[in-house]
Peer 1: 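A single structure is presented below for examination.
A quick note: this is a predicted structure, and the numbers were derived from the prediction, not measured. Counting starts at 1 for both ligands and their atoms, following the listed order.
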Amino acid sequence: MNYDVIVVGGGLAGCSSAIHLADRGLQVLVLEQQKFPSHKLCGEFLSIEVIDSFTRLGVLDRVNQIGAHKIDRAVVTSPSGGRFEHNLPGTALGISRYQLDHILWQHAQTVGATCCDGTIVGDITGDLDQGFSVKTAKQEFRGKVVLGAYGKRSGLDRKLQRQFIRQDSPWIAYKTHAYGLSIPNTIELHGFDGGYCGLSMIETGEVNLCWIGHKKIIKSAPDRNFPPALFANLALADRLNQLHFNPGVKCNLGQICFAIKGNFVGDICMIGDTAGMITPFCGDGMAMALRSAEIAVPLVIKYLEHNLTKSQFKYQYQQKWRQEFSFRLKLGRWLHQAFSQPLLANLSINTCRQFPPIGNWLIAKTRGNRAS
Ligand SMILES: Cc1cc2nc3c(=O)[nH]c(=O)nc-3n(C[C@H](O)[C@H](O)[C@H](O)COP(=O)(O)OP(=O)(O)OC[C@H]3O[C@@H](n4cnc5c(N)ncnc54)[C@H](O)[C@@H]3O)c2cc1C
């Protein structure tokens with residue numbers, strides 16, 4: 001079968017684009033390497049813009065039904081005892097990726113997309129003129145358009161010879177779920193020397209703990225999941241000592257890259273983290289993944305209906321993507337670097353405490369607008 005669109009990767013960007021495309025009656029195939037449901041490395045904090053995206057996708061009721069935790073307050077601390085508390089400009093959500101990705105995956109099937117999980121894409125060849133061939137270990141699929149939605153890093157990046165994959169990145173991350181602590185309606189971000197750790201509640205009543213740090217922090221650490229650097233922030237140490245970790249939920253990741261990776265490889269259109277990823281400090285990667293799908297989908301439809309040429313499609317996607325995301329990605333990288341260094345973290349926290357409009361500005365500038 002020749003699909004209109006083949007989506008590689010069934011995470012947020014992949015499933016949401018498949019839902020919008022299938023809703024418009026297109027033949028869509030989604031190929032995902034993991035089996036659903038499964039845990040994924042993430043802070044599981046969904047910033048406020050996602051509510052509109054979920055409404056447009058038709059999944060907001062389901063997300064509310066499973067009891068997504070409401071979050072409207074942020075607490076930020078530095079290792080030297082700096083503390084900044086702030087109300088968020090709306091209500092954000094805490095929901096596990098175990099549930100969220102599964103909801104989107106199921107909904108993509110309900111609206112008519114063909115979805116295959118447990119299927120690793122090994123290669124993509126072709127172009128918009130001749131059509132694409134997408135290869136898995138067992139099968140080869142044909143599509144007119146391919147959306148690359150395979151996330152932060154994949155063997156496919158090497159196969160497609162993307163530039164960023166050759167550069168070493170020092171950032172590593174860990175996530176788990178834990179009981180024993182209640183921090184209702186709050187996202188906590190605790191800085192430490194070399195990184196930061198987020199804590200917030202999800203639908204199960206557990207706390208999601210997720211840290212990102214420079215790889216130097218695990219060097220000779222007896223426990224690589226909880227290196228000593230984390231305990232040097234006493235506010236974080238106090239939290240860690242109260243938590244009882246869920247041994248069934250542990251995700252690690254290395255080589256996390258925050259460079260802008262490019263919107264196209266040849267004619268393959270990249271969305272979500274595959275195009276570029278905002279630093280976790282901003283808690284906005286999932287909203288951006290959903291939004292990038294919303295930018296790409298209308299252009300894909302216009303291209304397939306012959307209302308855009310190939311070069312118009314590529315140019316317009318690039319322009320819109322840059323307009324919406326380039327500044328946010330840069331600011332996110334700057335905040336990430338600053339907050340991973342104790343002195344700068346303390347200075348930033350004190351500045352925000354004394355001049356709250358700066359805090360408001362930073363929050364506003366690292367996320368999108370609510371109306372699309
Ligand atoms: C430490 C950390 C904490 C974060 N915390 C937050 C947070 O609190 N809030 C927030 O909004 N964002 C957060 N993010 C960012 C967020 O997780 C991502 O931006 C978001 O998941 C991007 O969605 P995506 O669909 O682009 O990629 P993904 O959700 O990663 O989906 C990509 C999918 O592609 C699949 N795939 C990969 N290769 C292949 C292949 N070859 N064939 C088939 N399938 C393939 C993968 O299995 C995966 O399911 C965090 C990121 C990190 C690293």
Side-chain angles (χ1 to χ4, degrees), residues 6-18 29-50 53 71 92-97 100-102 104-105 115-124 134-137 146-160 169 171-176 187 189 195-200 202 208-213 251-258 261 270-293 296 325 329 332 336 366-368:
I6 299 179
V7 183
V8 180
L12 300 189
C15 279
S16 61
S17 56
L29 172 69
V30 190
L31 301 169
E32 162 59 43
Q33 67 180 9
Q34 286 189 322
K35 280 272 181 199
F36 286 107
S38 56
H39 291 286
K40 198 176 259 183
L41 184 109
C42 187
E44 302 183 335
F45 167 87
L46 279 155
S47 71
I48 176 176
E49 315 102 271
V50 300
S53 294
I71 300 171
L93 299 177
I95 179 171
S96 66
R97 296 297 296 266
L100 179 60
D101 288 40
H102 196 212
L104 289 167
W105 182 254
C115 297
C116 307
D117 58 357
T119 307
I120 303 177
V121 172
D123 199 7
I124 307 168
V134 175
K135 293 175 191 117
T136 69
V146 170
L147 294 178
Y150 53 83
K152 300 170 228 338
R153 195 178 186 90
S154 159
L156 261 179
D157 289 314
R158 206 168 292 283
K159 191 82 193 172
L160 297 173
S169 168
W171 300 106
I172 56 171
Y174 173 74
K175 155 239 166 116
T176 185
I187 167 107
L189 272 178
Y196 46 91
C197 177
L199 298 172
S200 54
I202 54 167
N208 172 303
L209 175 148
C210 183
W211 62 255
I212 181 159
C251 307
N252 289 295
L253 201 67
Q255 297 275 355
I256 300 166
C257 164
F258 302 113
K261 298 168 186 165
M270 302 306 192
I271 56 176
D273 282 2
T274 317
M277 179 185 165
I278 194 162
T279 58
F281 187 85
C282 306
D284 210 41
M286 290 190 275
M288 279 182 52
L290 297 171
R291 183 68 196 134
S292 71
F325 301 134
L329 288 175
H336 169 90
T366 49
R367 51 213 66 237

Peer 1: Just need the protein heavy atom nearest to atom 44 (N) of ligand 1, so name the residue and atom and give the distance.
Peer 2: Gln33 N, 3.1 Å

Peer 1: Strictly by modelled atom types, are Asp273 and Tyr150 linked by a side-chain donor-acceptor pair under 3.5 Å?
Peer 2: no

Peer 1: Return a yes/no value for Phe45: is any of its N or O atoms, backbone included, closer than 3.5 angstrom to an N or O of ligand 1?
Peer 2: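 Yes, at least one N or O pair falls under 3.5 Å.
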
Peer 1: Is ligand 1 less than 4.0 angstrom away from at least one heavy atom of Thr119?
Peer 2: yes

Peer 1: Met286 versus ligand 1: do any nitrogen or oxygen atoms come within less than 3.5 Å of each other?
Peer 2: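 Between Met286 and ligand 1 (N or O atoms, distance only) the closest approach is under 3.5 Å.
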
Peer 1: Looking only at protein heavy atoms, identify the closest one to atom 15 (C) of ligand 1 and say how far it is in Å.
Peer 2: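 Result: Gly285 CA, 3.9 Å.
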
Peer 1: Does even one non-hydrogen atom of Lys40 get within less than 4.0 Å of ligand 1?
Peer 2: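 Flag set, Lys40 near ligand 1.
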
Peer 1: Measure the distance from atom 38 (N) of ligand 1 to every protein heavy atom, then report the residue, atom name and distance (to 0.1 Å) of the closest one.
Peer 2: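 Protein heavy atom with the smallest distance to atom 38 (N) of ligand 1: Ser154 OG, 3.2 Å.
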
Peer 1: Say whether Leu12, considering both its backbone and side-chain N or O atoms, lies within less than 3.5 Å of an N or O atom on ligand 1.
Peer 2: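 N/O-N/O distance under 3.5 Å: yes.
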
Peer 1: Taking both backbone and side-chain atoms of Leu41, is any N or O found less than 3.5 Å from an N or O belonging to ligand 1?
Peer 2: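 In fact, backbone or side chain, Leu41 has no N or O that close.
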
Peer 1: If you measure every N or O of Thr274 against every N or O of ligand 1, does any of those distances drop under 3.5 Å?
Peer 2: no

Peer 1: Does the residue Leu46 have a heavy-atom contact with ligand 1, meaning some pair of atoms that are separated by less than 4.0 Å?
Peer 2: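 For ligand 1, residue contact (heavy atoms, under 4.0 Å) with Leu46 is absent.
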
Peer 1: Of all the atoms in ligand 1, which lie at a distance below 4.0 Å from a heavy atom belonging to Arg97?
Peer 2: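 So the atoms of ligand 1 that pass are 17 (O), 20 (C), 21 (O), 29 (O).
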
Peer 1: How long is the straight-line distance from CG of Leu290 back to OG of Ser53, given to the nearest 0.5 Å?
Peer 2: 5.0 Å

Peer 1: Heavy atoms, side chains only, cut-off 4.5 Å: are Trp211 and Lys175 in contact?
Peer 2: no

Peer 1: Looking at ligand 1, would Ala149 count as a contact under a 4.0 Å heavy-atom criterion?
Peer 2: yes

Peer 1: Is there a polar contact between ligand 1 and Val8, counting only N or O atoms under 3.5 Å apart?
Peer 2: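 No: no nitrogen or oxygen of Val8 is under 3.5 Å from one in ligand 1.
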
Peer 1: Looking only at protein heavy atoms, identify the closest one to atom 26 (O) of ligand 1 and say how far it is in Å.
Peer 2: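 In this structure, atom 26 (O) of ligand 1 has Asp273 N, 2.8 Å as its nearest protein heavy atom.
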
Peer 1: Measure the distance from atom 14 (N) of ligand 1 to every protein heavy atom, then report the residue, atom name and distance (to 0.1 Å) of the closest one.
Peer 2: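 Of every protein heavy atom, Cys42 SG, 4.0 Å lies nearest to atom 14 (N) of ligand 1.
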
Peer 1: Is Ser292 reaching over with its side chain to a backbone N or O of Ile271, donor-acceptor style, under 3.5 angstrom?
Peer 2: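 Not a single qualifying donor-acceptor pair exists.
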
Peer 1: Quick one about Asn208 and Ser200 (side-chain donor to acceptor, distance below 3.5 Å, no hydrogens or angles considered), yes or no?
Peer 2: no

